[in-house]
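Just so it is clear: chains get the letters A, B, ... in the order the sequence lines come, proteins before strands, and each one is counted from 1.
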Amino acid sequence: MNKNLLKKLSIHSAREGIGHQREMRALVSRRWDGRRVETAAGADVHFPSKGQARAVIVVCAFPSLELIDSSIYEGPCTFPYIPGLLSFREIPPLVEAWKGLKKQPDLVLCDGHGIAHPRGLGLASHLGLLLEIPTIGCAKSPLYGTFELPSPEKGSRSPIRDRNGLTIGTVLRSRDGTRPLYVSVGHMIDLRRAVNTVLASTPRFRIPEPLRAAHRLAGS
DNA sequence: GCGACAG
DNA sequence: ATCTTGTCGC
């Protein structure tokens, strides 16, 4: 875990958070280090009540997707939800939950965007840099970038581009006839592998199995 | 200035 | 995210 970045989690204004994001974006890696994927985690945060957060991280065997470990942390949450600054609200509790895992997973699927973000540093990228582990951004709705909707069949996709026309993510149909997922590189992974991992994690439902399990344990 | 806006 | 029952559709 990167201790320097850990300190930058506590901000006191949106302006400060934006400054940290612009500084951290250059640290994101889009390269896979060659590791074998035997476990894939899912991270999600719920808010049972005002000012209270419940973070959940589950670890599944890959590609069988069998649940093999999970960790839950519940505590106070002060930072509000601000589009573009989601990580400052959800990462603190996720880091606490992370400490409760028996073994570190090979990668983490996140409920939010990676580099498909206004400043190239969505929650998935921020979490990856902090934990120094491969992460994938898997959001249920768009935040930044332009794109066309892919055809209705599972597997169909279309690129998400930034203002310069550069590809920053993929709108992916994970299941036939369902709303697409917005997949992007978090950290230490390439878009091709991120998309394939999401497809391998959605054999039955639209949401990747690790994220569904985390969402379920969070109680909702 | 106006509209958009992950969870 | 959260407030919330039944209901339409595969």
Side-chain angles (χ1 to χ4, degrees), chain A residues 9 11 14-15 17-18 20-21 24-25 28 42-58 72-97 108-130 135-147 149 152-154 160-163 168-187 191 194-195 198 202-208 210-220:
Chain A
L9 267 183
I11 58 175
R15 185 171 182 173
I18 289 173
H20 287 159
Q21 295 180 323
M24 294 185 279
R25 71 177 304 171
V28 173
D44 191 27
V45 183
H46 276 243
F47 300 88
S49 60
K50 195 66 177 178
Q52 201 70 188
R54 178 183 296 153
V56 179
I57 295 182
V58 304
I72 301 178
Y73 166 81
E74 184 165 342
C77 179
T78 59
F79 200 76
Y81 166 65
I82 298 175
L85 296 177
L86 178 66
S87 61
F88 294 98
R89 174 175 170 75
E90 303 196 342
I91 287 185
L94 280 175
V95 168
E96 293 308 310
V108 182
L109 282 159
C110 303
D111 194 355
H113 295 92
I115 64 172
H117 173 279
R119 291 168 291 283
L121 202 93
L123 183 150
S125 299
H126 195 158
L127 186 64
L129 286 172
L130 202 56
T135 55
I136 297 171
C138 185
K140 299 181 293 298
S141 62
L143 169 67
Y144 176 78
T146 59
F147 59 85
L149 289 175
E153 320 77 50
K154 172 182 174 71
I160 298 176
R161 300 195 180 76
D162 66 12
R163 293 179 182 180
I168 55 175
T170 299
V171 182
L172 178 68
R173 198 73 72 173
S174 58
R175 298 296 300 167
D176 282 26
T178 63
R179 294 169 51 208
L181 252 28
Y182 298 77
V183 181
S184 60
V185 167
H187 182 47
L191 185 55
V195 168
V198 169
T202 49
R204 186 162 165 57
F205 301 102
R206 179 176 83 117
I207 304 300
L211 285 177
R212 289 189 71 239
H215 199 280
R216 177 156 48 76
L217 281 184
S220 181

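Two residues are said to be in side-chain contact when any heavy atoms from C-beta on lie closer than 4.5 Å; A:C110 and A:L127 meet this criterion. With a 4.5 Å cut-off on side-chain heavy atoms, A:L130 and A:L94 do not count as touching.
First and last contacting nucleotides of DNA chain B toward chain A (any atom under 4.0 angstrom from a heavy atom, 5' to 3' order): B:dC5 to B:dG7. In 5' to 3' order, the nucleotides of DNA chain C bounding all contacts with chain A (an atom under 4.0 Å from a heavy atom) are C:dA1 to C:dT2.
Evaluation of the side chain to side chain contact (heavy atoms under 4.5 Å, CB included) rule for A:I82 yields A:F79, A:P80, A:L85 as partners, not counting sequence neighbours. When the side-chain hydrogen bond (donor to acceptor under 3.5 Å, both in side chains) test is applied to A:H215, the partners found at least two apart in sequence or on another chain are A:H46. Every residue meeting the side-chain hydrogen bond (donor to acceptor under 3.5 Å, both in side chains) condition with A:R119, not counting sequence neighbours, appears here in chain and number order: A:Q21. By the side-chain hydrogen bond (donor to acceptor under 3.5 Å, both in side chains) test, A:H113 is found to be paired with no residue, residues two or more places apart in sequence or in another chain being considered.
Note on A:P118: nothing from the nucleic acid sits closer than 4.0 angstrom, heavy atoms only. Across all strands, A:H46 comes closer than 4.0 Å only to sugar-phosphate atoms, never to a base (heavy-atom distances). Residue A:L181 is out of contact with every strand shown, counting any heavy-atom pair closer than 4.0 Å. Counting non-hydrogen atoms under 4.0 angstrom, A:Y81 reaches a base of the nucleic acid. Here A:K140 lies in heavy-atom contact (under 4.0 Å) with sugar-phosphate atoms only. No contact: A:G177 has no heavy atom under 4.0 Å from any strand.
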>> Please convert DNA chain C into dot-bracket. A pair counts if it is Watson-Crick or G-U wobble with both distances under 3.5 Å; crossing pairs go in [ ] and bases paired with another strand get |.
In response: ..........
Identify each donor-acceptor pair in which a side-chain atom of residues 176-183 of chain A lies under 3.5 Å from a protein atom, sequence neighbours left out, and give them as a table.
| residue | atom | partner | partner atom | Å |
| --- | --- | --- | --- | --- |
| A:D176 | OD1 | A:K154 | N | 2.8 |
| A:T178 | OG1 | A:R175 | O | 3.1 |
| A:R179 | NH2 | A:K140 | O | 3.2 |

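A side-chain hydrogen bond (donor to acceptor under 3.5 Å, both in side chains) check over residues 78-95 of chain A, counting only residues at least two apart or in different chains, returns the pairs A:S87-A:H126. Applying the side-chain hydrogen bond (donor to acceptor under 3.5 Å, both in side chains) test to pairs two or more places apart or on separate chains, those with a residue in residues 47-57 of chain A are A:R54-A:E74.
Of the residues in residues 87-95 of chain A, those placing a heavy atom less than 4.0 Å from an atom of DNA chain B are A:E90, in numerical order.
The minimum heavy-atom distance between A:G186 and A:S125, with the atom names listed, is O-OG, 2.8 Å. Residues A:P93 and A:V45 share a closest heavy-atom pair of CG-CG1, 4.4 Å. Closest approach of A:I207 to A:T202, counting heavy atoms only: C-CG2, 3.8 Å. The nearest pair of heavy atoms linking A:I72 to A:L217 is CD1-O, 4.1 Å. Listed here is the closest heavy atom pair of A:G112 and A:A124: O-CB, 4.5 Å.
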>> A:V95 vs A:Y73, test: side-chain contact (heavy atoms from CB on, under 4.5 Å). Steps then yes/no.
In response: CA-CA 9 Å; A:V95 168; A:Y73 166 81; over 6 Å; no
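Checked by atom type and distance alone, the side chain of A:T135 pairs as donor or acceptor with a backbone atom of A:H187 at under 3.5 Å.
When base pairs are accepted only as Watson-Crick or G-U wobble with both N-N or N-O distances under 3.5 Å, DNA chain B takes part in no stem of 3 or more pairs.
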